[in-house]
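Below: the structure, in structure tokens.
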Amino acid sequence: MTSNYSQTEFGIPYLKMIHNSDWLSPDLIFPRGSMGKVQSGVWEDVQLAMTFSESMVDAAQTNSLSLYLAPFDDGTATFDLDAFQIELASVGETTSGSCDTLLTAESRSVFPFYPKSGILTSEVEQDGNRFMRNAYRTSRYHPPIGHYLPLDCLLNGAVYELQARVRVHSSTARTVAFNIWSEGAEGIEEYAIANCPPSSNDWVVCSAKVTIPFGMNTKSQAQLVALVADDDDAMVDFDDFSFNYDMLQS
């Protein structure tokens with residue numbers, strides 16, 4: 001979904017999804033993302049990925065889904081909305097028609113990366129480098145970033161190389177771990193693929209060769225996720241993602 005956003009006061013646009021018109025129960029309100037603060041009167045792009053559970057698209061269980069965009073930290077600000085678009089895609093659908101990479105987004109684009117905890121935004125450093133940042137995390141067990149993988153590319157024994165840069169904003173060095181979570185008839189399974197060097201307010205490089213486990217392409221879904229060990233709320237930055245096919249090793 002993309003849109004242009006402008007407001008008269010300083011704030012953060014924040015998208016939520018309401019299930020079955022229930023505006024009161026926190027369990028039925030789904031925060032889906034945000035962007036960095038914007039200056040008054042400036043058009044900005046809001047772009048994010050939303051995932052829908054089976055129950056949410058089952059007419060027997062769901063009678064309505066509503067989306068709303070509002071300032072996160074200012075209940076009185078006004079804003080304009082333009083060029084509103086929604087694009088639908090199956091989980092793990094390849095956009096390029098190629099299995100050369102398992103990531104269907106540019107390395108510095110938030111879409112279709114998504115958070116399971118906190119708010120994932122696109123930020124720019126003073127040198128002009130653009131990266132992704134997750135703030136407002138609340139649990140070490142919920143990934144600050146994830147990306148659904150194309151199932152048709154997850155062939156038995158194929159080798160892919162994962163690379164990324166991460167930075168944890170913490171006075172204590174924290175380790176970011178990358179895993180693949182899959183879901184199928186056997187339930188949810190977790191495959192550990194990489195532990196990054198510890199980070200304490202500095203960028204570190206993560207790199208690992210990943211051999212796709214047997215039967216991964218028969219799952220109902222698979223996703224690349226990151227977790228921060230022993231930390232519930234530190235801000236985490238991500239940059240230079242790639243998850244590319246290793247022809248020499250496969």
Side-chain angles (χ1 to χ4, degrees), residues 1-5 11-17 26 29-38 44-53 67-73 85-87 89 91-93 95 101-125 129-149 162-170 174-181 194 196 199 201 203-204 206 221-229 231-243:
M1 188 200 93
T2 60
S3 63
N4 286 326
Y5 176 95
I12 304 177
Y14 188 56
L15 182 73
K16 284 192 174 184
M17 182 162 52
I29 300 178
F30 304 88
R32 289 304 183 198
S34 176
M35 57 177 289
K37 290 191 174 185
V38 297
E44 296 283 356
D45 288 331
V46 179
Q47 187 180 81
L48 52 101
M50 298 177 292
T51 56
F52 297 82
S53 65
L67 299 177
Y68 73 92
L69 184 69
F72 181 72
D73 59 357
Q85 300 177 21
I86 295 179
E87 298 180 4
V91 169
E93 183 178 79
T95 57
T101 178
L102 296 181
L103 302 182
T104 58
E106 296 181 359
S107 63
R108 295 176 178 84
S109 173
V110 171
F111 178 83
F113 290 96
Y114 62 88
K116 292 287 189 180
S117 174
I119 297 176
L120 190 65
T121 64
S122 177
E123 306 288 343
V124 181
E125 295 188 285
N129 178 58
R130 183 173 292 277
F131 62 98
M132 290 179 287
R133 167 169 291 171
N134 186 301
Y136 307 106
R137 294 173 51 241
T138 58
S139 173
R140 70 191 67 185
Y141 305 109
H142 299 155
I145 195 169
H147 189 297
Y148 284 100
L149 302 177
L162 172 69
Q163 292 194 4
R165 292 198 307 148
V166 303
R167 177 172 58 189
V168 182
H169 294 262
S170 171
R174 301 297 188 190
T175 298
V176 174
F178 283 96
N179 303 323
I180 293 178
W181 286 359
C196 305
S199 169
N201 300 303
W203 286 106
V204 297
C206 313
Q221 66 178 41
Q223 50 191 314
L224 173 70
V225 300
L227 294 170
V228 184
D231 183 272
D232 293 312
D233 53 13
M235 191 162 55
V236 192
D237 299 334
F238 301 91
D239 196 8
D240 294 334
F241 264 104
S242 64
F243 203 1

Would you say the side chain of [Y] lies within less than 4.5 Å of the side chain of [X], judging by non-hydrogen atoms?
X: Leu162; Y: Leu224; answer: yes
X: Ser242; Y: Thr101; answer: no
X: Leu149; Y: Gln221; answer: no
X: Phe178; Y: Val176; answer: yes
X: His147; Y: Leu102; answer: no
X: Ser117; Y: Tyr141; answer: no
X: Asn129; Y: Val124; answer: no
X: Asn134; Y: Ile145; answer: no

Checklist entry - Rounded to the nearest 0.5 Å, how far does CZ of Arg130 lie from OG of Ser122? => result 4.0 Å
Next on the checklist: My understanding is that only residues two or more places apart in sequence, or in another chain, count here; which of them pass side chain to side chain donor-acceptor pair (under 3.5 Å) with Asp237?
Outcome noted: Arg133, Arg167, His169
Checklist outcome for this item: Sorted by chain and number, sequence neighbours left out, side chain to side chain donor-acceptor pair (under 3.5 Å) with Asp232 holds for Arg140
Item to check | Ring-ring centroid check Trp203 Phe131, cutoff 6.0 Å | outcome: yes
Next on the checklist: Would you say the rings of Phe238 and Phe113 are close, in the sense that their centroids are separated by under 6.0 Å?
Outcome noted: no
Checklist outcome for this item: Nearest heavy-atom contact between Gln223 and Lys116 is OE1-CE, 3.9 Å
Checklist entry - Which atom pair, heavy atoms only, marks the closest approach of Leu120 to Pro144? => result CD1-O, 4.0 Å
Checklist entry - Any Lys/Arg nitrogen of Arg137 or Asp233 sitting under 4.0 Å from an Asp/Glu carboxylate oxygen of the other? => result no
